[in-house]
Protein chains: 2
Amino acid sequence: MSERIRIAILGYGNLGRGVELAIRQNPDMELKAFFTRRDPSALKTLTPEVPVYNVSKAVEMKDEIDVLILCGGSATDLPVQSPEYAKYFNIVDSFDTHAKIPEHFAAVDKVAGESGKTALISAGWDPGLFSLQRLLGNCVLPDGHDYTFWGKGVSQGHSDAIRRIDGVAGAKQYTVPVADALERVRSGENPELTTREKHTRECFVVAEPDADKARIEEEIKTMPNYFADYDTTVNFISAEELEREHGGMPHGGFVIRTGVTGEKGETKQMMEYALKLESNPEFTSSVLVCCARAVYKMNAAGMTGCKTIFDVPPAFYSPKSGEELRKNLL
Amino acid sequence: MSERIRIAILGYGNLGRGVELAIRQNPDMELKAFFTRRDPSALKTLTPEVPVYNVSKAVEMKDEIDVLILCGGSATDLPVQSPEYAKYFNIVDSFDTHAKIPEHFAAVDKVAGESGKTALISAGWDPGLFSLQRLLGNCVLPDGHDYTFWGKGVSQGHSDAIRRIDGVAGAKQYTVPVADALERVRSGENPELTTREKHTRECFVVAEPDADKARIEEEIKTMPNYFADYDTTVNFISAEELEREHGGMPHGGFVIRTGVTGEKGETKQMMEYALKLESNPEFTSSVLVCCARAVYKMNAAGMTGCKTIFDVPPAFYSPKSGEELRKNLL
């Protein structure tokens, strides 16, 4: 490896830590810096030899960094950070508010188009790898149906929503795909599935002493948007059990395309993609890191502006040459 | 649709017929011509309004055709046809002799580089969609293992090999993935699997009257390369049963990447892709047709020379705009 791709991380939560670890698995990459909005001296990373700077120092280091990976949240961080840093850096973000992607794309594209940088937004697995599978399914089998199931996995947003209820000391929520619905889809029956038919929600809740558990359960099950449209089960457990049994962040899911071909649509065809992840943030970070390589290569190839996973020639994710890839993986 | 992509088909076997049908499912495409090495008047297509020409007429029609889809075989047709026609046409082929892909790529790339055409080779599902999944798996989880299983499905090559045995009137061979091996892979155990442990071979054979079935069975089971390394079962059936129960060409398979992430590789992650196809040639053809669209767009974008599925920006497979794709599929 003559020259390594120089990466910096902005934001050191679960995702930032995952990126830090994923870079270790990719010898063509080098972690140059962490940027944080906190006091840098208070940040304990897993790689103490890599400097931690306040984010205010990022721009002056722009020539030492090939790709900046933004590890903030979609609600308030990325809508500001991605357009801001695409002025100076090639960036990757994991913006995952599906409904606001067009708006985020436009904001980032405007800046990156002017700066000549490459910005890959909405990387990860959904949006990301799942989107790619949906696209391929639609293109290969235009006469068909799409299904995306999530889980079994922890939904951070739903867990947070439970924790905001009065009398709740801790909570973890699992989104669970309904096995029977999955089987109906795989059979090629093309069912129309309601929200309730596709997923159930399992909640593990630690109540505060003397809290009214019946009231908490009722508040969870009737919470609009989050739980009201689902069959929800609520299990009250101890703080110790929550810690011991539900400390991880597993996730995953399925993208299925069922379609027909033939003279009269008589031939059933099925494409299925599944992820089974023991750690959602570590996997998402692994995607972000190979997307950073793709961004670096796209920028070198003159592909500037805002991009998504739909625009990336897949070979760009890899450190290997086209020749090696054709020989060993095609 | 203002202007449709004009497609021509060279070779009218199962694949050519599949392409003919797939084009009907893609309203942005138009089938302009069939080319055949046979007597054109003898060819009965499913689309009689589309002209059939002898292949000798192809070159003079080059300005009327945007993409030529080559539907010949990998053994003798494509090694000649792909370099020949890449002189005049953007082409797609399904060259699937894995070991000879580098050589085929070089031959086609030389010609297409000079002619300014775009040639996508080795399209289909393996090589093709499966290759893409292997690439993604390797890039996202660099510390991991790859597994490809095929089936349950008909292997044309193995069926042909049985039919060449003296005393055999007809045969169909199914490649079957071993369920236990699949489960071991999915568990993250990372087993080293021998050829015999991954797949079994099921043969349905029609013997000629008075043929020595024991000898036929022995010849099948000991045939080098094709069967000797597998657990093979041979079932003798009637010609009627072969026709009735084994007339289709189903296939499919699995690409699995198991890998680890985390500080000490303590986190297991799994990516799995599966195809379940009632008709292998119709599905392969559907892939070829959306690859033809990608070739058309790549050529318009100045991406000339020989390409594989590793080089295609996924949005190019779709008739939809980037805006629509980001809004609806990302």
Side-chain angles (χ1 to χ4, degrees), chain A residues 18 21-22 25-26 46 98 101-102 105 122 127 129 131-136 138-143 186 252 259 261-263 267-279 282-283 285-287 290 293 308-315 317-320 322-323 325-327 329-330, chain B residues 18 21-22 25-26 46 98 101-102 105 122 127 129 131-136 138-143 146 186 252 259 261-263 267-279 282-283 285-287 290 293 308-315 317-318 320 322-323 325-327 329-330:
Chain A
L21 292 172
Q25 296 183 308
N26 290 279
L46 300 169
H98 286 261
I101 287 174
F105 183 93
S122 300
L129 297 176
S131 321
L132 178 58
Q133 303 299 334
R134 286 189 286 262
L135 174 65
L136 291 171
N138 275 267
C139 294
V140 173
L141 297 173
D143 190 357
R186 288 187 181 124
T261 58
E263 252 190 287
T267 313
K268 288 182 179 177
Q269 315 276 19
M270 196 193 65
M271 308 161 78
E272 175 170 344
Y273 187 68
L275 294 175
K276 197 173 167 192
L277 313 174
E278 282 189 358
S279 165
E282 285 178 13
F283 186 81
S285 301
S286 296
V287 178
C290 76
R293 182 186 292 117
T308 73
I309 209 161
F310 294 158
D311 304 305
V312 180
Y317 295 118
S318 173
K320 301 207 169 82
E323 209 168 348
L325 294 176
R326 286 189 296 273
K327 186 164 188 289
L329 292 176
L330 197 65
Chain B
L21 292 172
Q25 296 183 309
N26 290 280
L46 300 169
H98 287 261
I101 288 175
F105 183 92
S122 300
L129 297 176
S131 322
L132 178 58
Q133 302 300 335
R134 285 188 288 261
L135 174 65
L136 291 171
N138 275 268
C139 295
V140 173
L141 297 174
D143 190 357
D146 278 321
R186 287 186 181 124
T261 59
E263 250 191 287
T267 313
K268 289 183 180 179
Q269 315 276 19
M270 195 193 65
M271 308 161 77
E272 175 170 345
Y273 186 68
L275 294 175
K276 198 172 165 193
L277 313 173
E278 282 189 358
S279 165
E282 285 178 12
F283 186 80
S285 302
S286 295
V287 178
C290 76
R293 181 186 293 116
T308 74
I309 210 160
F310 294 158
D311 305 306
V312 180
Y317 295 119
S318 173
K320 302 208 170 84
E323 210 169 348
L325 294 176
R326 287 189 295 272
K327 186 163 188 286
L329 292 176
L330 197 66

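All chains are named by letter (A, B, ...) in the order of the sequence lines, taking the proteins before the strands, and each is independently numbered beginning at 1.
At a 4.5 Å heavy-atom cutoff, the contact between A:Thr308 and chain B is made by side-chain atoms alone. With a 4.5 Å cut-off on non-hydrogen atoms, A:Leu46 touches chain B through its side chain but not through its backbone. Interface remark: A:Tyr317 contributes backbone and side-chain atoms alike to the contact with chain B (heavy atom separation under 4.5 Å). When heavy atoms are compared at a cutoff of 4.5 Å, B:Val140 approaches chain A by way of both its backbone and its side chain. With a 4.5 angstrom heavy-atom cutoff, A:Gln133 touches chain B only via side-chain atoms. With a threshold of 4.5 angstrom between heavy atoms, A:Ile101 approaches chain B through side-chain atoms but not through N, CA, C or O. When heavy atoms are compared at a cutoff of 4.5 Å, A:Leu129 approaches chain B solely by way of its side chain, counted from C-beta outward. Only the side chain of A:Leu132 comes within less than 4.5 Å of a heavy atom of chain B; its backbone N, CA, C and O stay farther away. Both the backbone and the side chain of A:Ala274 come within less than 4.5 Å of a heavy atom in chain B. Interface residue A:Val287: backbone and side-chain heavy atoms are both found under 4.5 Å from chain B.
The closest side-chain heavy-atom distance from A:Thr261 to B:Leu21 is not below 4.5 Å. You'll find the side chain of B:Thr267 stays beyond 4.5 Å of the side chain of A:Leu277, heavy atoms only. Using a 4.5 Å cut-off on side-chain heavy atoms (C-beta onward), A:Phe105 and B:Glu323 make no contact. Residues B:Ser318 and A:Asn138 have side chains not in contact (no heavy-atom distance under 4.5 Å, counting atoms from C-beta outward).
Comparing A:Ala315, A:Pro313, A:Pro314 by how many heavy-atom pairs each has under 4.5 Å with chain B, the most go to A:Pro314.
Under the 3.5 Å distance criterion, the side-chain polar atoms of B:Gln269 are matched with a main-chain donor or acceptor of A:Glu278. Proximity of a side-chain donor or acceptor of A:Gln25 to a complementary backbone N or O of B:Pro142 within less than 3.5 Å is not detected.
Rounded to the nearest 0.5 Å, atoms CZ (B:Arg326) and CG (A:Asp311) are 7.0 Å apart. The distance from the SG atom of A:Cys139 to the CZ atom of B:Arg293 is 6.5 Å, given to the nearest 0.5 Å. Note that CG of A:Leu329 is 10.0 Å distant from CG of B:Leu136, once rounded to the nearest 0.5 Å. Separating the CD atom in A:Glu272 from the CD atom in B:Glu272 is a distance of 7.0 Å, to the nearest 0.5 Å.
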